[in-house]
Number of protein chains: 2
Amino acid sequence: MVMQQGVPENLTIQQMAQVTGLSAHTLRYYERAGLLDLVDRNQQNGYRSYNERHINWIHFIKCLRATGMPIRDIRRYTELLQQGENTVRDRLNLLKAHRQRVEQQLREVKEHLEAVTRKIGYYETLD
Amino acid sequence: MVMQQGVPENLTIQQMAQVTGLSAHTLRYYERAGLLDLVDRNQQNGYRSYNERHINWIHFIKCLRATGMPIRDIRRYTELLQQGENTVRDRLNLLKAHRQRVEQQLREVKEHLEAVTRKIGYYETLD
DNA sequence: GTATAGCCTAGAGTGCGCTCTAAAGCAAGT
DNA sequence: ACTTGCTTTAGAGCGCACTCTAGGCTATAC
């Protein structure tokens, strides 16, 4: 196994788990869920073999998840990606719609957090 | 049933659902979960009877939920509330800890959203 | 009285996103 | 050869927050 420096290649699922911060279970789950096609296998033993492209992709998936995109939408995005260049417009629309929803939700959370802050202020006057 | 104007009183669960935007199912669930003690009953028929205090309380619960506080933490807060004045400090700490977590999460979401925005920017150059 | 509509309870079901288990295969060390 | 520790799969289980169902009671209109 490489892992000295340079471009990561032929990573086992545990190494991939370390690098991405996801568990091996979750990596397999994402693959089954269609978020991660194209995972090559080691020819000798049939183990999954990840490379830098997978790392970058997982990193982006984590951004989508962290901003609340559901698994099925990420699968949809993945499918578009696999269908090639003529889906760029669809992918763009999908991401833009997502961004808009997230921004709306950020505004709502901030608003509701202000109510919490007001309550905190009230409690502080009692101290 | 009153409902003309002035202070809401003796609301049925359906009226309460309308006012709060929660379903009757959810109102019962919140009560069972310990988020909502003290729901009086109509002496004749045993139906739940809500008043303005309940409305305000549900409104605050919605702020906590909207900012991601789990049900069990809201129950904890409810318990403190029921234990009276000497829990003010604990309630304050609970809300402050919550606010801090939410603010942290807002920062993280914003960061990850920037990655999405960068991807959008990239796609737009392809157009 | 009867129909309809709203309320009650206990408990089952749902959807999501993991997370774990069992049984089996492969790899490296002693 | 045996042990240890990784990998594989299919499928079960979990925690959360609802959401709904079944069966029964109550209230009002006709």
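Letters go in sequence order (proteins before strands), and every chain restarts at 1. Quantities reported herein were computed from a predicted structural model and do not represent experimental measurements.
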| field | Basic-acidic side-chain contact under 4.0 Å: Arg89(A), Glu124(B) | value | no
| field | nucleotides 17-30 of chain C: protein proximity per nucleotide (B base, S sugar-phosphate only, - neither; heavy atom, under 4.0 Å) | value | BBBBB---BBS---
| message | Ring-plane angle category for Trp57(A) and Phe60(A), please: parallel below 30°, perpendicular beyond 60°, tilted otherwise. | response | tilted
Please determine if a side-chain N or O atom of [X] lies less than 4.0 Å away from the OP1 or OP2 oxygen of [N].
| X | N | answer |
| --- | --- | --- |
| Arg41(B) | dT9(C) | yes |
| Arg48(B) | dG6(C) | no |
| Thr12(B) | dG6(C) | no |

| said: Surrounding CD of Glu108(B) (heavy atoms of other residues, nucleotides or ligands, distance under 6.0 Å), is the total greater than 12? | reply: yes
| Do other residues, nucleotides or ligands put more than 12 heavy atoms under 6.0 Å from the CD atom of Gln100(B)? | no
| Selected nucleotide, minimal atom distance to Gln14(A) side chain, candidates dC6(D), dT8(D), dT9(C) | dC6(D)
| Where do Leu95(A) and Leu64(A) come nearest, in terms of heavy atoms and distance? | CD2-CD2, 4.1 Å
Could you state the atom-to-atom distance from [atom1] of [X] to [atom2] of [N] in whole Å?
| X | N | atom1 | atom2 | value |
| --- | --- | --- | --- | --- |
| Arg75(A) | dG15(C) | CZ | C1' | 13 Å |
| Gln43(B) | dC8(C) | CD | P | 14 Å |
| Asp40(A) | dT8(D) | CG | P | 13 Å |
| Leu27(B) | dT9(C) | CG | C1' | 16 Å |
| Met16(B) | dG6(C) | CE | P | 19 Å |
| Asp73(A) | dG15(C) | CG | P | 16 Å |

| task | Name all residues meeting the salt bridge (charged side-chain N to carboxylate O under 4.0 Å, His left out) criterion together with Arg76(A); count only those two or more places apart in sequence or in a different chain, and write none if there are none. | result | Glu79(A)
